[in-house]
Amino acid sequence: MSKQAKPSRKHHYVPQAQLRHFASDADRRSIWVYDKGLDRSWISSLLNA
C-alpha cells in the first residue's frame, strides 16, 4: 500500500516586506501573480503569494 504525495503549495518563501515594493494597490496588500504553467494571471494577497 503506497501513499500518494500531496502536491506542495508554496515552494519558497519571500518576505512580505520585499513583496510590498511590488504592490498593485495603495494599501500595499496585494500583488499580481502569474502562473506560467497555466498562462494565467490574477491579483493575490501578500500572504498567499
Nearest 0.5 Å please: distance from the [atom1] atom of [X] over to the [atom2] atom of [Y].
| X | Y | atom1 | atom2 | answer |
| --- | --- | --- | --- | --- |
| F22 | L46 | CZ | CG | 11.5 Å |
| I43 | S45 | CD1 | OG | 11.5 Å |
| H21 | I31 | NE2 | CD1 | 12.5 Å |

If we ignore hydrogens and angles and just use 3.5 Å, is the side chain of [X] paired with the main-chain N or O of [Y] as donor and acceptor?
| X | Y | value |
| --- | --- | --- |
| S44 | V33 | no |
| D27 | R29 | no |
| R28 | R20 | yes |

| message | With a 4.5 Å cut-off on side-chain heavy-atom distances among I, L, V, M, F, W and Y, is there a chain of contacts connecting W32 to L47? | response | no
